[in-house]
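To keep things clear, I will list the structure first and then write my remarks on it.
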Amino acid sequence: MRHQPSRRCFLSTAAFVAAMGAAISREEQILLAAQEGAASEEKNISREIASQMPHGKVRDISISRLVIGGNLIGGFAHSRDLVYISRLLKAYNTEEKVFETLALAEAHGINTIQCNPVCLPLVEKYNKERGGKLQAIVCITPDANKDAVRREIEEVLSHGATMLYTHGGRSEPPVMAGRLDVLANTVECIKEAGVPAGIGSHSLTVTMECEKEGIGADFYVKTLHSDQYWSATPKELREDFCWHRPRRSEPFAFNDNMWCLNPEETIEFMKTVTKPWFAFKVLAAGAIHPRQAFPYALRNGADFLIVGMFDFQIAEDVAIFLDCYRKLGKRERP
């Protein structure tokens, strides 16, 4: 026969459950308060770090000296011969993860992202939906057709671009063909739109020709990294504009593994350039640790560093950058 609890037993049990519920709720409240305290402390630390981030200016726009790069967010990876990397990046960097990453960047004092037009709407959405204030340096395609350039400029500005420059990989073919006028026309169109205009490139030849002909760029986005990593192309196999030439058959020839072929020459030439210099590929697409890459780039004249970062790298990268920048001392460049 099934046992039927008495009314007294039922009430006692109910009272015990209620008491336990109250105790659990109190415990949860204590834990929640502790978590909130930790979160508050973490926010205070982030604010302190953010306040230490140095800034520079392009025209009247204040830009954090460390800029987050957009390649990892967009799934654009220089993965050498690892064919799955781009797919892996896209799988990891969901929209929510991108928003978390951008929020972390802002919390650590980074106020600008460099990206291409494909990624820009996501940055715009982050700013609108999450209250972000990220500025965007956006690369566009140079073109001899000014109307085509103006259409692209209008499109990216409608999505919140702050500054524009010519895409590095697309700035080089016109120079290879002797058509520097294509870059000059693009810079002119950007300036007509009322925003700073820059020139991007991997090849130092592009920067040198633009300076020589005085095309009027407000800033340069030029690669800089050392060649002290095992997969760097040997000097005897380095060829200007190799990114646009057929792959060579020799072992260790260029294979999506090097983006500043002549760092010493780049450093020496950029000493003569007074316009702001955004150095990118400073980690050689992940081949060089920030502890080596950041002081190398800062010490050798880069005014701003564009660095692709996953969410779990931001705190460490910012700490390394701030330490390197402090040790640099007085800057001679803008």
Side-chain angles (χ1 to χ4, degrees), residues 44-69 104-114 134-135 137 162-163 165 196 198-202 204 207-208 211 217-229 232 259-309 313-334:
N44 289 336
I45 293 171
S46 293
R47 279 195 290 267
E48 184 179 345
I49 291 172
S51 69
Q52 297 174 31
M53 178 64 69
H55 290 69
K57 283 192 173 184
V58 175
R59 292 195 193 171
D60 60 346
I61 300 172
S62 180
I63 302 163
S64 54
R65 296 281 185 183
L66 182 61
V67 174
I68 186 169
L104 275 170
E106 285 200 280
H108 285 80
I110 297 171
N111 73 351
T112 304
I113 183 172
Q114 170 273 335
L134 274 178
Q135 303 173 129
I137 303 174
T162 311
M163 297 163 50
Y165 72 98
I199 294 291
S201 68
H202 309 85
L204 181 60
T207 313
M208 294 175 74
E211 280 292 286
D218 293 310
F219 63 94
Y220 288 103
V221 181
K222 168 69 182 75
T223 51
L224 178 66
H225 60 72
S226 78
D227 56 7
Q228 299 303 301
Y229 59 101
W259 299 270
C260 185
L261 301 178
N262 46 359
E264 293 83 6
E265 291 87 345
T266 296
I267 291 164
E268 288 306 309
F269 180 76
M270 293 307 288
K271 287 179 181 178
T272 71
V273 177
T274 58
K275 295 164 186 174
W277 172 20
F278 290 79
F280 72 113
K281 291 290 185 290
V282 296
L283 307 181
I288 307 172
H289 195 280
R291 281 193 293 269
Q292 287 75 49
F294 289 179
Y296 179 85
L298 291 171
R299 186 173 61 248
N300 287 306
D303 301 305
F304 303 88
L305 306 189
I306 298 174
V307 181
M309 291 175 275
Q313 295 174 314
I314 289 174
E316 181 184 10
D317 284 0
V318 168
I320 293 171
F321 178 85
L322 293 177
D323 183 60
C324 293
Y325 197 87
R326 280 192 294 267
K327 291 176 178 176
L328 185 65
K330 185 179 179 182
R331 288 180 50 81
E332 296 180 359
R333 291 182 53 82

Verdict with reasoning, Y325 to M53, per side-chain contact (heavy atoms from CB on, under 4.5 Å): CA-CA 9 Å; Y325 197 87; M53 178 64 69; over 6 Å; no
side-chain contact (heavy atoms from CB on, under 4.5 Å) between L298 and F321, worked out: CA-CA 9 Å; L298 291 171; F321 178 85; 4.0 Å; yes
Evaluation steps, side-chain contact (heavy atoms from CB on, under 4.5 Å), between L204 and N262: CA-CA 8 Å; L204 181 60; N262 46 359; 4.0 Å; yes
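Counting heavy atoms from C-beta outward, I199 and T207 have side chains that stay 4.5 Å or more apart. Residues I288 and Q228 have side chains not in contact (no heavy-atom distance under 4.5 Å, counting atoms from C-beta outward). Within the 4.5 Å cutoff, no side-chain heavy atoms of T223 are placed close to those of P263. A heavy-atom distance below 4.5 Å is not found between the side chains of D218 and M163. The closest side-chain heavy-atom distance from E316 to R291 is below 4.5 Å.
Note on ring orientation: taking the six-membered ring where Trp is involved, the planes of F278 and F304 are parallel (angle under 30°, cut-offs 30° and 60°).
Smallest separation of non-hydrogen atoms from H225 and V282: CB-O, 3.6 Å. Between I110 and I68 the shortest heavy-atom distance is CG2-N, 3.8 Å. Taking each heavy atom of W277 and G301 in turn, the nearest pair found is CE3-O, 3.5 Å. Between P295 and P290, the shortest heavy-atom contact is CD-O, 3.5 Å. A pairwise comparison of heavy atoms in S64 and N111 identifies N-OD1, 2.8 Å as the closest pair. Shown here for F294 and V307, the closest heavy-atom pair between the two residues is CE2-CG2, 3.7 Å.
I314 contributes atom CD1, which lies 8.0 Å from atom CG of D317 (distance to the nearest 0.5 angstrom). Interatomic distance, CH2 of W259 versus CG of L283, reported as 10.5 Å (0.5 Å rounding). Rounded to the nearest 0.5 Å, atoms CD (Q52) and CG (D323) are 10.5 Å apart. Taken to the nearest 0.5 Å, the CG atom of L322 stands 9.5 Å off from the NE2 atom of H108. Considering CD1 of I137 and CD1 of I113, their distance stands at 10.0 Å, rounded to 0.5 Å. Taking NZ of K222 as the start and SG of C260 as the end, the distance is 4.0 Å to the nearest 0.5 Å.
Using modelled atom types, one side-chain atom of Q135 and one backbone atom of S62 make a donor-acceptor pair closer than 3.5 Å. Panel note: side chain R65, backbone D303; a donor-acceptor pair is recorded below 3.5 Å.
With 3.5 Å as the limit, one finds a donor-acceptor pair spanning the side chains of Y220 and E211. A side-chain donor from one of Q114 and Y165 sits under 3.5 Å from a side-chain acceptor of the other.
Pairs engaging residues 278-289 under the salt bridge (Lys or Arg N to Asp or Glu O under 4.0 Å) rule: none recorded [sequence neighbours left out].
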